[in-house]
K.L.:
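A single structure is presented below for examination.
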Protein chains: 2
Amino acid sequence: MATRDTYRHGNLRQALIAAGVELARTGGPDAVVLREATRQAGVVPNAAYRHFDDRRALLSAVSQAALAELARAMELRTAEEADERPEGDEAGAQAVARARLRALVRGYLSFARAEPGLFRAAFVTSDLENTDTEAAAGTGGRTAFRLLSDALDDLSACGMLPVERRPGAEYFVWAAVHGMAVLLIEGPLRGLLPGQAEEAEQRLLRAIERGL
Amino acid sequence: MATRDTYRHGNLRQALIAAGVELARTGGPDAVVLREATRQAGVVPNAAYRHFDDRRALLSAVSQAALAELARAMELRTAEEADERPEGDEAGAQAVARARLRALVRGYLSFARAEPGLFRAAFVTSDLENTDTEAAAGTGGRTAFRLLSDALDDLSACGMLPVERRPGAEYFVWAAVHGMAVLLIEGPLRGLLPGQAEEAEQRLLRAIERGL
DNA sequence: CACCAAATGTGGACGGCGTACACAAAGGTC
DNA sequence: GACCTTTGTGTACGCCGTCCACATTTGGTG
């Protein structure tokens with residue numbers, strides 16, 4: 001929609017990603033249509049090829065942006081919960097570590113429910129080496145996966161997770177959380193009332209903590 | 001490619017689904033192209049519209065067929081393991097129930113690794129009410145999800161799963177298993193050597209059993 | 001400052017896709 | 001055998017991703 005007086009756009013690459021993110025937000029990865037993104041950027045379709053090899057490259061960039069939003073949602077949730085729990089006494093360090101993991105999980109799941117299109121775009125298969133790059137990270141520079149992993153390190157440091165079980169634990173946690181997200185947005189649990197979803201989250205959290 | 005002498009095809013609907021399944025096997029859900037399926041069935045593109053409302057309806061049917069293959073893979077695995085463990089003494093009923101769950105999980109994960117395209121097609125979002133229909137079931141008439149659920153019932157009957165934790169447990173198990181499958185085929189765990197994948201499966205199984 | 005090369009946007013075209021509409025051929029029923 | 005329903009055909013439209021040649025701007029080098 002944006003029109004322009006200069007011949008050069010100035011920041012076309014970012015504009016295309018931004019348009020792609022909005023398309024993905026509404027309609028998931030399939031809605032990231034190259035021509036539509038260029039239209040919204042006020043540019044002719046071929047202009048996109050100066051910044052992306054092809055549609056998949058654009059989609060990949062959109063995916064990274066979506067992963068970054070997910071990471072930010074998780075960071076935000078942990079920050080909120082930290083506010084509610086201002087003081088950590090000596091043994092309370094365990095409680096803090098535990099609360100952090102719970103907050104991350106909840107942030108992950110509520111992002112999936114609030115932004116299903118973006119969530120699906122974040123995990124578009126394609127060639128993702130991109131899952132662990134800078135662009136996929138949140139404000140703190142850590143990706144969603146990294147946030148979970150670090151939380152498990154904390155848990156392990158507090159003695160709440162036996163060291164012999166630490167290796168690979170992030171895969172178990174991520175699998176459970178991601179799987180639940182899929183169940184909630186496109187599986188048999190979609191369309192659950194918010195209250196019911198909360199309860200499912202609670203149960204999942206307990207099962208994860210037992211499983212660690 | 002199949003040519004025909006009769007004007008009527010005879011079984012076009014099934015032929016289109018079969019072609020769609022093969023396309024999905026090779027290239028995932030995006031490869032299920034309506035025109036290509038009709039080409040393989042030796043028919044003009046519009047003929048498909050006598051049997052499916054649109055491309056998404058075809059994809060949905062392909063998805064159900066893929067879910068059925070998944071269920072059959074899980075059934076097959078449990079049957080194999082049951083052979084290896086011919087006799088169940090009185091307390092061995094617990095061992096049998098436990099082995100069944102493990103076999104189902106392994107069947108799920110090895111199907112995902114062996115047929116990633118089909119696996120992804122099976123879980124195409126769309127309008128799936130279809131996840132729980134007859135067409136999505138295996139030879140025994142039960143869907144993949146149902147198989148897991150029934151195995152948990154057995155576990156609960158043996159006293160290996162406290163009754164108060166039974167409700168919702170299938171969601172935890174399915175989430176963990178499905179999440180791990182995604183990690184293995186398109187997440188950070190893709191490209192693991194078969195041996196490493198086995199080890200990850202083992203760890204996941206232990207975590208699930210602890211979490212129950 | 002003039003000039004040229006690189007970077008960026010434009011215009012036009014091609015083939016493939018999903019799908020709509022009108023038409024044709026085969027089956028089933030009376 | 002006449003009529004209606006089902007199933008496949010022909011033609012056409014608009015949208016998409018992408019290729020190629022060309023135009024415009026920018027930035028560096030003489």
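Proteins get letters first, then strands, A, B, ... in listed order; numbering begins at 1 in each. Computation of the quantities below employed the complete heavy-atom set of this structure, encompassing side-chain atoms and omitting hydrogens, waters and symmetry-equivalent molecules. This one's a predicted model, so the numbers in the text were calculated from it and none came from an experiment.
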K.L.:
In whole angstrom, give the distance that lies between atom CZ of B/R13 and atom P of D/dT6.
P.N.:
16 Å

K.L.:
Rounded to whole Å, how long is the line connecting atom CG of A/L12 with atom C1' of C/dA7?
P.N.:
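Rounded to whole Å, this separation is 12 Å.
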
K.L.:
Nucleotide by nucleotide, 5' to 3', does protein get under 4.0 Å of the base (B), only the sugar-phosphate (S), or neither (-) in nucleotides 17-28 of chain D, counting heavy atoms?
P.N.:
BBBB--BBB---

K.L.:
Using heavy-atom distances to pick each residue's nearest nucleotide on DNA chain C, tell me which of A/A47 and B/T6 is more 5'.
P.N.:
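Checking each residue's closest nucleotide, the 5'-ward one belongs to A/A47.
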
K.L.:
Just how far, in rounded Å, is C1' of C/dC17 from CG of B/L23?
P.N.:
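Taking CG of B/L23 and C1' of C/dC17, I get 14 Å after rounding.
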
K.L.:
Restricting to pairs with a member in residues 7-19 of chain B, which pass side-chain hydrogen bond (donor to acceptor under 3.5 Å, both in side chains), not counting sequence neighbours?
P.N.:
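For residues 7-19 of chain B: none.
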
K.L.:
Assess whether a salt bridge exists between B/R206 and B/E209, defined as any Lys/Arg side-chain N lying under 4.0 Å from an Asp/Glu carboxylate O.
P.N.:
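No.
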
K.L.:
Can you find a side-chain donor-acceptor pair between B/R102 and B/Q202 that sits under 3.5 Å?
P.N.:
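Present: a donor and an acceptor within the cut-off.
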
K.L.:
So, A/N46 side chain and A/Y49 main chain: donor-acceptor pair closer than 3.5 Å or not?
P.N.:
no

K.L.:
Can you tell me how far P of C/dT8 sits from CZ of A/F52, to the nearest Å?
P.N.:
12 Å

K.L.:
Look only at the side chain of B/R190 and the backbone of B/G187, and say whether a donor-acceptor pair between them is shorter than 3.5 Å.
P.N.:
yes

K.L.:
Please check: side-chain N/O of B/S60 versus main-chain N/O of B/R56, any donor-acceptor pairing under 3.5 Å?
P.N.:
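Between the backbone of B/R56 and the side chain of B/S60 there is no qualifying donor-acceptor contact (under 3.5 Å).
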
K.L.:
Rounded to the Å, how far apart are B/D30 CG and C/dC17 P?
P.N.:
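Interatomic distance, CG of B/D30 to P of C/dC17: 14 Å.
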
K.L.:
At under 4.0 Å, does any side-chain N or O of B/R39 touch on OP1 or OP2 of C/dC17?
P.N.:
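Indeed, a polar side-chain atom of B/R39 lies that close.
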
K.L.:
Are OP1 or OP2 of D/dT6 and a side-chain N or O of B/H51 less than 4.0 angstrom apart?
P.N.:
no

